[in-house]
Amino acid sequence: MQTSPITHLLIQSIISFSGINSSTADMRHLQTLVRVVTRRATIHCRQCTQSISSVGSTNWTVHPLASRGVVRLEGTDTIPFLQGLVTNDVAVVGDKNPSLYTMMLNVQGRVLYDLLMYHSADKSGKSALLLECDSSITQELVKLMRRYKIRKKVDIADVSDDHKVFAALSQGQEKSLDKDLSGISVVAPDPRLNSFGWRIIGNSSESLLTGLGIKEETSEDEYHTQRYQSGIGEGVVDLPPGNCFPLESNAVYLNGVCFHKGCYIGQELTARTFHTGVTRKRLMPLEFEDQPQNLSVGANIATETGKSAGKMRGRVGKYGLGLLRIAEASKNLKVKIETGEELVVKASTPKWWPMDE
């Protein structure tokens, strides 16, 4: 049996160190084993080289997100104050973990607001937490938090006018955003999915585009299209306040819930549902054959037999999200538009979901 010099050297080394019997049968088995290991190692190295090469050619698109607002919290009691209000562990946010995904619930355990949280520090070293939320509810969020504030030393303010939100999405292999972005308040990876780019907060897009070497911004609709294709819910349309649950909205899969940090509003139902291991409905990506017209949020999604499978949520173009019963999601689905016409729609399981779903 012919062997390459490398394979031969490996075999001799194994025999020397292990004292294995060098009979003909054992030698054949050992040669086969070493060939398999060597071949797999070679394939792995080639894949690594291809991955590194593709990373070098990655391009970025920058999307201004007018649909998102920013609330700032600062003061000595900021972290303990937020710990009792949100689903995730605020104590981990800092220089090493600059971003966090979390939700604010009502006492019945239903979602009020989805939040992206960032650590921010000014030139003097004074730190604060910035909460990114749907721009339509920033004033509601500030008002609600001030109601819970009582005597805690926390300053809460809507700073959306001076803090614009941008998403930087990679159009290739994921890599760090290693660019000169001076003058930007926050540059942090999207905490929901490692593959979904970066979040940036600044007062304008000019320095951002210059730092990234990009001539112009890409539309917000394109961002939402990619978000819907990825199956990520965001804002009051996808997560209607008081009408959805965090586990159905994939908060656990998106790193938005901590189950060992202590009590917070709405914790009891969330923890009980999680530990029972039963979540029958989930927010899932939808794709229509063509861009639908006259399709309203909340439209019923049904199977071919007419059985209700779920409800329509947000949509851009032919992509959107639906809250679907998992047992019905793989079937042929249709949704009725305002004119009475029924459109075919396909649901899919996001790649980032656990394998057992």
Seminar exercise, completed: In short, ring pair (Phe, Tyr, Trp, His ring centres under 6.0 Å) pairs touching residues 207-236 with sequence neighbours left out are F196-Y223

Problem set entry | salt bridge (Lys or Arg N to Asp or Glu O under 4.0 Å) involving E328 - partner list, sequence neighbours excluded | K307, K331

Exercise. Does NZ belonging to K281 count more than 12 external heavy atoms closer than 6.0 Å?
Worked result: no

Seminar exercise, completed: Taking every heavy atom of N300 against every heavy atom of G310, the minimum-distance pair comes out as OD1-O, 3.3 Å

Exercise. Got a salt bridge between R151 and D77, using NZ or NE/NH1/NH2 to carboxylate O under 4.0 Å?
Worked result: no

Problem set entry | ILVMFWY clustering at 4.5 Å (side-chain atoms), partners of V344 | none

Problem set entry | K336/E341 salt bridge by N-O under 4.0 Å criterion | no

For this session: Could I get the full list of salt bridge (Lys or Arg N to Asp or Glu O under 4.0 Å) partners for K334, not counting sequence neighbours?
Result: E342

Exercise. Which residues satisfy the side chain to side chain contact (heavy atoms under 4.5 Å, CB included) test with T273, sequence neighbours excluded?
Worked result: L247, L269, T279

For this session: Return the set of residues passing side chain to side chain donor-acceptor pair (under 3.5 Å) with T87 (not counting sequence neighbours), or none when no residue passes.
Result: T102

Exercise. With sequence neighbours left out, what residues match N88 under side chain to side chain donor-acceptor pair (under 3.5 Å)?
Worked result: none

Exercise. Does T225 have any side chain to side chain donor-acceptor pair (under 3.5 Å) partners at least two apart in sequence or in another chain, and if so, which?
Worked result: none

Exercise. Is it true that E234 and R199 have a side-chain N and a carboxylate O under 4.0 angstrom from each other?
Worked result: yes

Exercise. What residue pairs, at least two apart or across chains, pass salt bridge (charged side-chain N to carboxylate O under 4.0 Å, His left out) with a residue in residues 105-120?
Worked result: R68-D114

Exercise. Who pairs with E222 by salt bridge (Lys or Arg N to Asp or Glu O under 4.0 Å), at least two apart in sequence or on another chain?
Worked result: none

For this session: Applying salt bridge (Lys or Arg N to Asp or Glu O under 4.0 Å), name anything that partners E287, two or more places apart in sequence or on another chain.
Result: K318

For this session: Taking side chain to side chain donor-acceptor pair (under 3.5 Å) as the test, write out the residues that go with T61, two or more places apart.
Result: H63, Q171

Exercise. With the threshold set at 4.0 Å, does a side-chain nitrogen-carboxylate oxygen contact exist between R280 and E248?
Worked result: no

